[in-house]
Amino acid sequence: MEDVESMVEDEIVLKVEDLYKSYNNVIVLKGISFEVRRGETKIICGPSGSGKSTLLRCINLLTKPDKGMIWLEGEELTTRSININKVRQKIGFVFQEFNLFNHLTALRNVSIGLEVVKKMKREEAYKRAMEVLRKVGLEEHAHKYPAELSGGQKQRVAIARALAMNPSIILYDEPTSALDPQLIGEVLEVMKALAREKVTSIVVTHEMGFAQSVGDEMLFMYDGKIIERGPPEEVIHNPKTEIAKKFFERIQELYGREKR
Amino acid sequence: MVSVVDYVPYILEGVLWTLGLVGGGLLIGFIVGLPSAIAQVYGHRFLKIMVEVYAWFFRSVPLLVLLFLFYWGIFPALGFKLDPLTCSILVLGIRSGAYQSQIFRGAITSVGEGQYIAARTLGMSKMRAIYHIVLPQALRISIPGWANEYAIILKDSAICFTLGVMEILTRTRYVVMATLEPLIPYFIAGALFIVLTYSGTKILNTIYDKLKIPGLIWRM
Ligand SMILES: Nc1ncnc2c1ncn2[C@@H]1O[C@H](COP(=O)(O)OP(=O)(O)O)[C@@H](O)[C@H]1O
Ligand SMILES: [Mg+2]
């Protein structure tokens, strides 16, 4: 039993190999390689403009890399023949600016993917959506519209929306950067809980407390390259490069005092 | 001597014709304008250019010229013999489509790309994301612009008197010719347009309010 579990844990969910991407002759990603194992929480950080969002967008096929390969559960995503819509069902995406569907209640925001993409019956989709909303602590807000929710609640709905699809991996792109400081905690709590439940994820974040409490590995990106990698505590407290050191000092100044 | 009472029902009957022109025109305009707007926002370059040329042409040429061009020129040349009403509805509609495409395009753009991308990341196809996420919101946002388009096409429809469509103005002119008394008939015609403009926009604005999304204020 133990063996089976550890085998499953060791399974590589996502593999990125030598990824390159440029926009108008500016190279934004310069040879990115890493792997994410089942149940792992991978933290990515680095200064603004270093290519973190572009990397996530490549993984989700929102943009096409120039070179390099991506595999999701053994399937190569970087081939021409790939069914984009099928692949995206297996990759959850949580945006900095939430991007909730404004004309739908929280419940429908979560259920619409199940109804339209997974072709679930409406009652069944609602049931599943409600379960997931309960998980992010928003059961009693299920029938509110996004404009009636706080930023933290919106982001939790967005997480529920991604989670409901039962994806193989969830990509978070600075999920708390657009939030008022007092609302960040509730979102991080939900993300931590999911990480502890071994929901595989890549989290682009500057929340160092979060990174250290649930991150399995941290990648530090700078100028389109991963220049440091290792356990979050290591990378944060003993960075090898001057750039990373400066960055973490700056982060400490900006967010340091509040402990999360 | 002909009295007011004698010709009022005759002019009133023109309201039905006017509403036919407006309703038909708006409907065709919607059928043409909405896909045009979608093509302009999400379509490939070639489609975008086609729509742009179409919208540009129909917005640049005066309605009267369009009516004559199609009634006397294009339709006969294509071998269609259309009656004035059908031709007028088609021209009003295709022209309204050019304006409506601008209304819908603005509305689609103001929904924002974020929600569309979010829908795509769930695995929705382009069409599904547009249909389930973008359009329900864009159509709501379009209603005030659409109410304005209704008022414009309503007033423009009077020009169809030049083809002899039996709408309000045509009938009014006949009455004036018969009675040689212009003031009251034209006054009645004007009043009818005011009533139609007012009630139509009122209805559309009521619908708009009914469809408001709780808590949301549209930025437009
Ligand atoms: N669609 C785009 N077109 C042109 N340049 C882009 C585009 N997206 C990102 N970039 C550029 O790529 C670089 C990396 O951006 P991004 O991946 O957003 O970085 P990060 O998320 O780390 O802040 C930036 O210099 C940015 O200006
Ligand atoms: Mg970014």
Side-chain angles (χ1 to χ4, degrees), chain A residues 53 56-57 59-63 83-106 108-119 141 143-150 153-154 157-158 161-167 169-173 178, chain B residues 30 34 37-38 41-45 103-146 204-220:
Chain A
S53 297
L56 295 193
R57 291 170 62 86
I59 294 170
N60 203 21
L61 306 177
L62 284 169
T63 186
N83 182 339
I84 287 185
N85 298 328
K86 274 249 157 61
V87 169
R88 289 200 183 125
Q89 291 179 41
K90 293 194 260 177
I91 305 178
F93 206 108
V94 177
F95 303 86
Q96 180 177 327
E97 56 284 359
F98 329 129
N99 291 338
L100 290 187
F101 307 134
N102 283 327
H103 63 307
L104 302 177
T105 60
R108 288 274 287 148
N109 261 277
V110 179
S111 73
I112 190 143
L114 302 172
E115 293 171 52
V116 171
V117 179
K118 292 221 189 261
K119 305 273 175 239
H141 297 287
H143 298 289
K144 287 189 182 166
Y145 286 85
E148 301 173 307
L149 298 171
S150 74
Q153 292 169 335
K154 281 185 207 174
V157 173
R161 177 175 67 183
L163 195 62
M165 300 292 284
N166 205 7
I169 186 167
I170 299 183
L171 314 178
Y172 297 89
D173 193 356
Chain B
F30 182 85
L34 187 60
I38 293 170
V41 180
Y42 299 103
H44 293 291
R45 237 188 44 203
I103 297 171
F104 293 132
R105 181 170 72 160
I108 288 172
T109 311
S110 81
V111 171
E113 204 192 6
Q115 294 183 57
Y116 170 76
I117 303 255
R120 296 303 307 276
T121 63
L122 287 177
M124 287 190 207
S125 65
K126 219 171 182 174
M127 274 306 150
R128 286 214 170 106
I130 293 170
Y131 179 79
H132 289 283
I133 305 302
V134 178
L135 285 191
Q137 298 178 64
L139 290 179
R140 264 171 245 206
I141 301 173
S142 302
I143 295 176
W146 218 72
L204 284 168
N205 285 334
T206 310
I207 294 174
Y208 180 61
D209 287 339
K210 282 249 153 64
L211 292 178
K212 273 224 169 90
I213 297 161
L216 197 66
I217 298 153
W218 290 109
R219 345 121 287 239
M220 247 191 99

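On a predicted model such as this, the values are computed, not experimentally measured, just so you know. Within every chain, numbering begins at 1; the chains are lettered A, B, ... in the order of the sequence lines, protein sequences first and strands thereafter.
- Residue contact with chain B, scored on non-hydrogen atoms closer than 4.5 Å, involves the side chain of A/Val117 exclusively.
- Contact between B/Leu122 and A/Met165 at its shortest, heavy atoms only, is O-CE, 3.2 Å.
- If you measure heavy-atom distances from A/Phe95 to chain B, the contacts under 4.5 Å come from the side chain alone.
- Here the closest non-hydrogen pair linking A/Asn85 and B/Gly123 is CB-O, 3.3 Å.
- Crowding of B/Tyr131 atom OH: a count of heavy atoms from other residues, nucleotides or ligands under 6.0 Å not exceeding 12.
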Original post:
side-chain contact (heavy atoms from CB on, under 4.5 Å) between A/Phe93 and B/Ile117: does it pass, once the steps are laid out?
Top reply: CA-CA 10 Å; A/Phe93 206 108; B/Ile117 303 255; over 6 Å; no

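- Distance OG1/A/Thr105 to CD1/B/Ile213: 11.5 Å, rounded to 0.5 Å.
- Between B/Leu211 atom CG and A/His103 atom NE2 the span is 12.0 Å, to the nearest 0.5 Å.
- In terms of modelled atom types and a separation under 3.5 Å, the side chain of B/His132 and the main chain of A/Gly113 share no donor-acceptor contact.
- Here the closest non-hydrogen pair linking A/Ala147 and B/Pro214 is CB-O, 3.8 Å.
- Within a 6.0 Å radius of NZ in B/Lys210, other residues, nucleotides and ligands contribute 12 heavy atoms or fewer.
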**OP:** Apply the test side-chain contact (heavy atoms from CB on, under 4.5 Å) to residues A/Asn99 and B/Thr121: give CA-CA distance (whole Å), side-chain angles for both, the deciding distance (0.1 Å), then the verdict.
**Re:** CA-CA 11 Å; A/Asn99 291 338; B/Thr121 63; over 6 Å; no

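- Heavy atoms of B/Arg120 lying under 4.5 Å from chain A belong to its backbone as well as its side chain.
- At a 4.5 Å heavy-atom cutoff, the contact between A/Gln89 and chain B is made by backbone and side-chain atoms alike.
- With a threshold of 4.5 angstrom between heavy atoms, A/Leu149 does not approach chain B through any atom at all.
- The part of A/Ile91 that comes within reach of chain B is its backbone (N, CA, C, O), which places non-hydrogen atoms under 4.5 angstrom from that chain.
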